[in-house]
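To start, the structure itself, in structure tokens.
Just so it is clear, the values below take in all heavy atoms, side chains as well, and ignore hydrogens, waters and symmetry mates.
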Amino acid sequence: MKHTLLLLTLFFSICCDLIAAPVYNVRDFGAKGDGTTLDSPAINAAIEQAVKDGGGQVFLPAGTYLCGSIRLKSNIDLHLAAGCTILAADTKKHANVPGAENGIYDPSESFGGFPEYQDGGHTYFHNSLIWAEGEKNVSITGHGMIDGQGLTHKDTESAGNIKGGSIGTGDKAIALKLCRQVTIRDITIYRGGHFAIIMTGCDLSTIDNVTIDTDRDGFDIDCCKYMTITNCRINTPRDDALVLKSSYALKKPVLCEHIAISNCNITGFKCGSLIDGTYIPEPVGWVCGRFKLGTESNGGYRNISLTNCTFMYSSGLAFEEVDQGKMENIVVSNITMSHVHHYPIYITTGCRNRGPKEVTRPSSARDIQISNVIADDCDSLCAIIVTGMADEPIRNVWLSNIRLSFKGGGAKDLVNKDYREQGTNYPEPKFAGWTPAYGLYARHVEGLYVNDVTFRYERPDFRPAVVLDDVKTARLNAIDAQLEPGIDKVVTFRSSDIQ
């Protein structure tokens with residue numbers, strides 16, 4: 001009797017699941033999966049039918065689905081089975097393929113005449129491969145792949161058109177705006193276009209076990225809150241890997257806040273070599289494989305956690321607040337880096353102020369804690385930069401249990417260098433060049449707490465390990481730093497207070 005009841009219970013449970021989660025196979029709606037027929041109209045038809053029925057899973061079995069814009073809707077799980085590839089169509093190459101009679105990509109939407117303070121890539125969403133706006137409970141899942149072969153890599157967007165290109169050119173692999181309860185899990189994105197994933201104004205989101213191997217940005221998380229990003233692999237040899245932003249894309253300043261990131265691998269190998277397993281280092285002329293807050297920073301960042309992540313051939317950590325927002329309550333811990341380009345740790349504020357002219361508040365940053373970091377083969381420019389503004393210093397920065405080894409080679413006269421103020425400059429550390437210190441350079445800071453930090457270099461470096469310039473309330477303890485003969489001070493002060 002017990003066995004009979006158990007079997008009946010399982011039967012009813014399975015039946016309820018089938019009723020609650022219908023599956024819409026795109027092949028039943030005309031998708032071919034042959035790589036030559038434009039399948040996005042069939043996929044959109046499956047989505048529309050699922051929406052009419054109250055939601056469900058839109059299923060893409062194994063095959064190559066040549067696609068233009070796919071419009072994701074509420075209560076839809078777009079599921080890419082193992083062996084499935086969504087291949088982004090090229091508007092020129094695929095203009096005459098079956099299914100493309102009505103165009104390939106949706107035109108970018110109007111921004112309503114509102115000033116575009118941010119780049120076009122952050123402003124327009126509808127001309128993407130997969131996009132949604134104002135939807136709820138949406139997901140993209142499965143062990144399939146999105147290949148953005150036909151997407152543009154350039155910021156050339158404008159409303160309804162692409163400057164210098166064809167109307168309807170595809171821009172981003174996944175673009176989500178003002179969506180709630182978003183899940184992206186298990187998929188792989190190869191050649192993600194301008195951005196592999198951009199999410200703007202999205203709440204209550206989960207990104208897990210995603211692999212991205214692309215030439216431009218991996219993740220752009222803009223004006224979002226209550227989000228977790230876990231267990232991801234992000235390879236971006238020519239741009240930033242994982243970026244939190246706070247642009248004016250929502251026509252008002254909105255904080256990017258309550259974001260928890262953990263257990264991710266960030267790299268800068270040649271595009272494609274992460275997926276195929278060859279792991280080829282790529283020569284770097286700009287930035288690569290970096291975790292960044294900024295540069296778009298009108299609202300700012302609050303309650304951000306990055307932990308248990310590894311970096312390889314990357315540009316390290318960059319925290320940049322330059323557009324009159326605030327950056328506060330940032331915690332970074334348990335980070336390893338190898339082969340770091342430019343600066344491994346860069347924290348700055350400035351007054352680029354890309355936003356409405358009537359906004360007069362200064363950018364600000366406070367309460368930033370970085371601990372348990374090991375980095376080797378770092379660039380010669382410097383190891384750690386913390387620079388605020390003379391009239392608005394960065395407040396309360398904790399640096400502890402950090403081991404940094406870099407190339408060295410700095411000349412002695414660099415200690416007298418007039419390191420540029422951030423001001424209205426673009427906040428890219430490479431442009432500022434060598435710093436007066438080889439280990440830590442801090443300027444315009446109130447509350448700098450450094451404990452148990454080790455600096456090592458390969459080539460002789462004749463700069464002091466630490467330079468404090470206009471730093472108030474600094475406490476330095478247990479700094480282990482190399483010194484060349486003739487350099488008698490680990491720490492050099494410029495109008496600073498130390499305890």
Side-chain angles (χ1 to χ4, degrees), residues 17 20-21 47 50 55-60 70 72-82 84 86 125 128-146 172-189 192 195-214 217-235 240-246 254-266 291 293 301-310 330-334:
D17 287 343
I47 291 172
Q57 183 182 88
V58 173
F59 178 73
L60 281 71
I70 297 171
L72 196 58
K73 303 288 180 143
S74 294
N75 302 315
I76 297 299
D77 171 28
L78 186 68
H79 188 83
L80 284 57
C84 160
I86 294 178
F125 293 76
S128 300
L129 180 60
I130 302 172
W131 69 269
E133 181 173 353
E135 305 295 337
K136 182 179 179 181
N137 189 25
V138 297
S139 60
I140 305 170
T141 62
H143 292 279
M145 175 183 288
I146 297 171
K172 296 170 277 285
I174 298 174
L176 307 176
K177 180 179 181 181
L178 294 172
C179 294
R180 290 175 58 81
Q181 294 174 266
V182 174
T183 299
I184 303 175
R185 177 175 284 123
D186 297 334
I187 64 170
T188 294
I189 300 177
F195 306 140
I197 298 175
I198 184 170
M199 298 174 65
T200 298
C202 296
D203 300 349
L204 305 177
S205 302
T206 298
I207 302 174
D208 180 62
N209 195 35
V210 171
T211 299
I212 295 178
D213 195 342
T214 188
D217 283 5
F219 291 102
D220 273 32
I221 307 302
D222 189 7
C223 302
C224 295
K225 59 185 177 182
Y226 302 112
M227 176 182 292
T228 59
I229 302 173
T230 56
N231 307 313
C232 294
R233 295 147 300 279
I234 314 157
N235 185 60
D240 296 313
L242 206 171
V243 193
L244 307 187
K245 298 183 176 181
S246 181
V254 178
L255 276 162
C256 193
E257 58 182 337
H258 309 299
I259 312 292
I261 302 157
S262 63
N263 304 333
C264 293
N265 308 133
I266 292 174
F291 175 77
L293 310 185
Y301 322 95
R302 180 173 60 196
N303 297 342
I304 309 297
S305 170
L306 175 75
T307 186
N308 297 343
C309 293
T310 67
I330 314 297
V331 175
V332 177
S333 64
N334 301 347

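Interatomic distance, CG of Leu72 versus CD1 of Ile47, reported as 6.0 Å (0.5 Å rounding). Rounded to the nearest 0.5 angstrom, Ile197 CD1 and Ser128 OG are separated by 12.0 Å. Put simply, CG on Asn231 and CG on Asn308 are 10.0 Å apart, with the number rounded to the nearest 0.5 Å. The CD1 atom of Ile130 sits 5.5 Å away from atom CG of Leu78, with the distance rounded to the nearest 0.5 Å. In this structure, NZ on Lys172 lies 11.0 Å from CG on Asp217, to the nearest 0.5 angstrom. In this structure, the separation between OH on Tyr226 and SG on Cys202 is 15.0 Å, given to the nearest 0.5 Å.
Applying the salt bridge (Lys or Arg N to Asp or Glu O under 4.0 Å) test to Arg302 and every residue at least two apart in sequence or in another chain returns Glu257. The side chain to side chain donor-acceptor pair (under 3.5 Å) test applied to Asp240 returns Arg290, Lys292, not counting sequence neighbours.
A pairwise comparison of heavy atoms in Ile234 and Gly218 identifies CG2-CA, 4.2 Å as the closest pair. Closest of all the heavy-atom pairs between Ala50 and Gly56 is CB-N, 4.5 Å. For Ala241 against Ile266, the heavy-atom pair with the smallest separation is CB-CG2, 3.5 Å. Heavy-atom minimum distance, Cys224 versus Gly201: SG-N, 3.8 Å.
Ser74 places none of its side-chain heavy atoms less than 4.5 Å from the side chain of Asn137. With a 4.5 Å cut-off on side-chain heavy atoms, Phe195 and Val243 do not count as touching. Residues Asp220 and Lys245 form a side-chain contact, since some pair of their non-hydrogen atoms from C-beta on lies under 4.5 Å apart. When side chains are defined from C-beta on, Leu244 does not count as touching Met227, because their heavy atoms never get closer than 4.5 Å. At least one side-chain heavy atom of Leu293 sits under 4.5 Å from a side-chain heavy atom of Phe291. Counting heavy atoms from C-beta on, the side chains of Ile207 and Met199 come closer than 4.5 Å. Using a 4.5 Å heavy-atom threshold, the side chains of Phe125 and Ile198 count as touching. At a threshold of 4.5 Å between non-hydrogen side-chain atoms, the residues Ile330 and Ile304 count as touching.
Judged purely by distance below 3.5 Å, without hydrogens or angles, the side chains of Asn265 and Thr310 pair a donor atom with an acceptor atom.
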Report task. Evaluate the criterion side-chain contact (heavy atoms from CB on, under 4.5 Å) for residue pair Asn263 and Thr230; output intermediate values, then yes/no. Result -> CA-CA 6 Å; Asn263 304 333; Thr230 56; 5.5 Å; no
**Report entry** Stepwise side-chain contact (heavy atoms from CB on, under 4.5 Å) check, Ile221 with Cys256
**Finding:** CA-CA 8 Å; Ile221 307 302; Cys256 193; 4.2 Å; yes
Listed pairs under 3.5 Å, donor-acceptor, residues 173-189 side chains, sequence neighbours left out:
from: Arg180; atom 1: NH1; to: Asp203; atom 2: OD2; distance (Å): 3.4
from: Asp186; atom 1: OD1; to: Asn209; atom 2: ND2; distance (Å): 2.8

